[in-house]
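Take a look at the structure below.
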Amino acid sequence: MTHQIQGLQRRHFLGAGAAGAALSLGGLSGCATPLLGQKPIGRVVVIGAGFGGATAAKYIRQWEPRIEVTLVERNERFVSCPISNLVLSGARRIEDVTLAYDGLDRHGVRRVRDEATAIDVERREVRLKGGGVLPWDRLIVAPGVDFQFDKVPGLAAADASGAVLHAWKAGPQTVALRRQLEALPDGGVFAIAIPKAPYRCPPGPYERASVVAQYFQQHKPRSKVLVLDANPDIVSKKGLFEKAWKELYPGLIEYRPNSELLEFDAAGKLAKLTTEDVRADLFNIIPPQQAGRVAQPFISVNNQWVGVEFQTFESAKAPGVHVIGDAIAAAPGMPKSGFMANNHAKVVADAVIARITGAPINETPIIANTCYSFVSDQSVVHVASVHKWDPAQKTLVAVQGAGGLSSARNAQEAIYADGWARSIWADALG
Ligand SMILES: Cc1cc2nc3c(=O)[nH]c(=O)nc-3n(C[C@H](O)[C@H](O)[C@H](O)COP(=O)(O)OP(=O)(O)OC[C@H]3O[C@@H](n4cnc5c(N)ncnc54)[C@H](O)[C@@H]3O)c2cc1C
């Protein structure tokens, strides 16, 4: 185990479980020393400044300031998916989940606002839409997901029309979906279509159904939420969601399992499912997903995800290219979450430093996850898990007895959930 990872596990990992959630924002350490004209000992390029990429860029600079880190991000600001469902229900504003990137400057991260269009593994270069070329010794690719609109006839046209939204990347679509919900007449039916797992944030669609139901209860009591799930059952926190729906929103949420979307007619507001045809006044279709476009040449699992080796997160297909976050094929039980992406980032920061300096890598990484879900704006439930390298199986395995679920929804965890979000934003960007 290297020096950095020991320190990393003690000081930097956000804790698993509710107790770890209330970290203060003041715990971040000081500035990395800039290179001041000295030749760097290595050049790292990071693509994507989300939960994974921003964290990796910052921690490499903090732990090894002799490495030059360039972070490429196409968006001007960071908009957090966690908490964004509350923007839909009106309990938060989009400004509450939007953060600037300039906190990374004081760590000496070179920020480039552009889109990475291609990765040349042979030449070790990233090409940018704006025409630039960035050379690297190690590359970290953290682009999140892109949507497979072409898997469902009619979905690409529906997306292009701008009338049918996913709001599964927080930002303009979140604001637009809120407007659609506000415009829905009392009595209107709102249908959420969930793709087959794995997808970004397993409990996210059920959280969305819950908080939209709360909004309807308060403002459009004759309206209804229809959950059309391609999966055979609620994918995460099943009992807690079912209980909340029954007790808080009786008759307001209807759940239909095994309802995979086969075809969509945006003009007719008609979804053809494996089980039936459904009409609704407003559809929110969460499309099937795969690794973000720039990582797609490295896809090796189910034509969707990038397979990595979990001690270093190096791609199975491209030496020197490390892929983290939602884009990877996760080990069993590991969700696609911001918390996981943040944890991947710290393992990869340590591994990349080790590869550049010649230090040994950490051979026994342990990572953790806690996902909070609002079942109303005042009441929250969580699921937590810990994942440890298993040398025999050569993968990360869930640690038995670690983690677990809330025993019941409660108001205390609403405070933890807000604290967790502020902590992880500060950890990635502060
Ligand atoms: C509604 C909702 C609620 C959620 N709630 C939670 C929660 O409570 N807790 C939790 O842990 N997770 C939650 N998640 C999941 C979480 O948002 C994702 O798992 C997380 O964002 C993944 O991090 P990432 O770094 O892989 O991708 P992202 O955070 O999506 O970051 C990818 C970044 O890369 C940029 N990018 C992509 N391609 C390029 C390119 N070619 N060039 C330049 N830039 C590029 C993108 O603009 C983006 O900024 C939620 C998700 C949703 C949709």
Side-chain angles (χ1 to χ4, degrees), residues 14 21 45-57 70-88 97 99 101 111-119 126-130 134 140-147 166-171 173-174 177 192 194 198-209 211-212 236 284 286 289 291-296 305-306 313 323-328 330 334-345 348 368-374 380-384 416-418 420-421 423-425 428-429:
L14 291 170
V45 172
V46 182
I47 300 176
F51 283 92
T55 309
T70 304
L71 176 60
V72 186
E73 169 58 51
R74 60 184 166 211
N75 290 339
E76 187 186 358
R77 285 164 196 272
F78 175 97
V79 188
S80 173
C81 288
I83 312 290
S84 70
N85 278 333
L86 292 183
V87 176
L88 301 180
V97 297
L99 289 99
Y101 281 118
R111 288 189 294 121
V112 173
R113 171 111 190 261
D114 209 328
E115 178 161 330
T117 49
I119 295 166
V126 170
R127 294 187 206 301
L128 304 177
K129 196 174 180 182
L134 297 171
I140 299 174
V141 187
V145 294
D146 270 316
F147 300 111
H166 51 75
W168 217 240
K169 292 187 184 188
Q173 285 223 354
T174 314
L177 183 55
I192 304 176
I194 306 173
Y199 55 84
R200 157 174 287 188
C201 193
Y206 313 106
E207 176 187 68
R208 180 169 289 182
V211 297
V212 170
S236 177
N284 168 217
I286 304 168
Q289 294 151 39
R293 191 161 297 110
V294 73
Q296 288 175 6
W305 311 112
V306 178
F313 284 80
V323 184
I324 57 172
D326 285 355
I328 66 162
M334 272 169 59
K336 293 188 183 297
S337 74
F339 202 144
M340 277 273 108
N342 172 275
N343 273 223
H344 301 168
V348 91
N369 184 71
T370 303
C371 272
Y372 292 99
S373 297
F374 287 81
V380 164
V381 294
H382 84 267
V383 60
Y416 291 162
D418 266 330
W420 169 83
S423 298
I424 201 163
W425 296 337
L429 303 165

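Order of appearance sets the numbers: ligands from 1, and atoms from 1 within every ligand. For this chain, numbers begin at 1 and follow the sequence in order.
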- Query: What do the steps show when you test Arg113 against Arg74 for side-chain contact (heavy atoms from CB on, under 4.5 Å), and what is the final call?
  - Reply: CA-CA 5 Å; Arg113 171 111 190 261; Arg74 60 184 166 211; 5.8 Å; no
- Message: Before you tell me yes or no, could you show the steps for Trp420 and Thr370 under side chain to side chain donor-acceptor pair (under 3.5 Å), namely the whole-Å CA-CA distance, both residues' side-chain angles and the distance that decides it to 0.1 Å?
- Response: CA-CA 9 Å; Trp420 169 83; Thr370 303; over 6 Å; no
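- Using modelled atom types, no side-chain atom of Glu115 and backbone atom of Thr117 make a donor-acceptor pair closer than 3.5 Å.
- Contact annotation: for Asp326 versus ligand 1, heavy atoms closer than 4.0 Å belong to both the backbone and the side chain.
- For atom 38 (N) of ligand 1, the nearest non-hydrogen atom from the set Pro143, Ala170, Ser337 comes from Pro143.
- Among all protein heavy atoms, the one lying closest to atom 40 (C) of ligand 1 is Ala116 N, 3.7 Å.
- Closest to atom 48 (C) of ligand 1 among all protein heavy atoms lies Glu73 OE1, 3.5 Å.
- Residue contacts with ligand 1: Ala341 is placed with no nitrogen or oxygen under 3.5 Å of a nitrogen or oxygen of the ligand (distance criterion only).
- Across Gly144, Cys201, Ala56, heavy-atom proximity to atom 14 (N) of ligand 1 is greatest for Cys201.
- The aromatic rings of Phe78 and Phe51 stand perpendicular to each other, their planes meeting at an angle above 60°, with 30° marking the opposite boundary.
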- Query: Checking side-chain contact (heavy atoms from CB on, under 4.5 Å) for the pair Tyr199/Ile194: CA distance, chi angles, key distance, verdict?
  - Reply: CA-CA 9 Å; Tyr199 55 84; Ile194 306 173; 3.8 Å; yes
- Message: Test side-chain contact (heavy atoms from CB on, under 4.5 Å) on Val383 and Ser236; report intermediate values, then the result.
- Response: CA-CA 8 Å; Val383 60; Ser236 177; 4.2 Å; yes
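- Residue Asn75 approaches ligand 1 through these ligand atoms, each under 4.0 Å from one of its heavy atoms: 47 (O).
- Residue Gly52 has at least one heavy-atom neighbour below 4.0 Å for each of these atoms of ligand 1: 25 (O).
- Given atom 16 (C) of ligand 1, the protein heavy atom at minimum distance is Gly338 N, 3.4 Å.
- When only non-hydrogen protein atoms are considered, atom 28 (P) of ligand 1 lies nearest to Arg200 NH2, 3.6 Å.
- Using a 4.0 Å cut-off between heavy atoms, Ile83 makes no contact with ligand 1 at all.
- Heavy-atom proximity to Asn85, at under 4.0 Å, picks out these atoms of ligand 1: 1 (C).
- Salt-bridge check for Asp114 with Arg127: failed, with every basic side-chain N at 4.0 Å or more from each acidic carboxylate O.
- Of the heavy atoms in Ser84, only side-chain atoms (C-beta onward) come closer than 4.0 Å to ligand 1.
- Looking at atom 51 (C) of ligand 1, its nearest protein heavy atom turns out to be Cys81 CB, 3.3 Å.
- By the 4.5 Å heavy-atom criterion applied to side chains, Ser80 and Trp425 are counted as neighbours.
- Annotation: side chain of Trp305 is in contact with side chain of Gln289 (closest heavy-atom distance under 4.5 Å).
- For Asp114, the closest heavy-atom approach to ligand 1 falls below 4.0 Å.
- The closest side-chain heavy-atom distance from Tyr416 to Val380 is not below 4.5 Å.
- Residue contacts with ligand 1 for Trp420 involve side-chain atoms from C-beta outward but no N, CA, C or O (heavy atoms, distance under 4.0 Å).
- Classified by interplanar angle (parallel below 30°, tilted 30° to 60°, perpendicular above 60°), the ring pair His166/Phe147 is tilted.
- Under a 4.0 angstrom heavy-atom cut-off, Phe78 registers as lying outside contact with ligand 1.
- Gly50 CA, 3.2 Å is the protein heavy atom nearest to atom 31 (O) of ligand 1.
- Listed by number with element, the atoms of ligand 1 under 4.0 Å from a non-hydrogen atom of Ala142 are 32 (C), 33 (C), 34 (O).
- Nearest protein heavy-atom contact of atom 44 (N) of ligand 1 is Arg74 N, 3.4 Å.
- Looking at heavy atoms from C-beta onward, Tyr101 lies in side-chain contact with Arg111 at the 4.5 angstrom threshold.
- Residue contact check: Gly325 has heavy atoms under 4.0 Å from atoms 26 (O) of ligand 1.
- Looking at heavy atoms from C-beta onward, Lys336 lies in side-chain contact with Pro198 at the 4.5 angstrom threshold.
- Scanning the protein heavy atoms around atom 5 (N) of ligand 1, the nearest turns out to be Pro82 CA, 3.4 Å.
- Near Lys336, the atoms of ligand 1 lying under 4.0 angstrom from a non-hydrogen atom of the residue are 19 (O).
- For ligand 1, the atoms lying closer than 4.0 Å to a non-hydrogen atom of Val294 are 41 (N).
- Of all the atoms in ligand 1, the ones that sit under 4.0 Å from a non-hydrogen atom of Val72 are 43 (C), 44 (N).
- When side chains are defined from C-beta on, Met334 does not count as touching Asn369, because their heavy atoms never get closer than 4.5 Å.
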- Message: Quick one, Ile140 with Val45, criterion side-chain contact (heavy atoms from CB on, under 4.5 Å). Give me CA distance, side-chain angles, the key distance, then yes/no.
- Response: CA-CA 6 Å; Ile140 299 174; Val45 172; over 6 Å; no
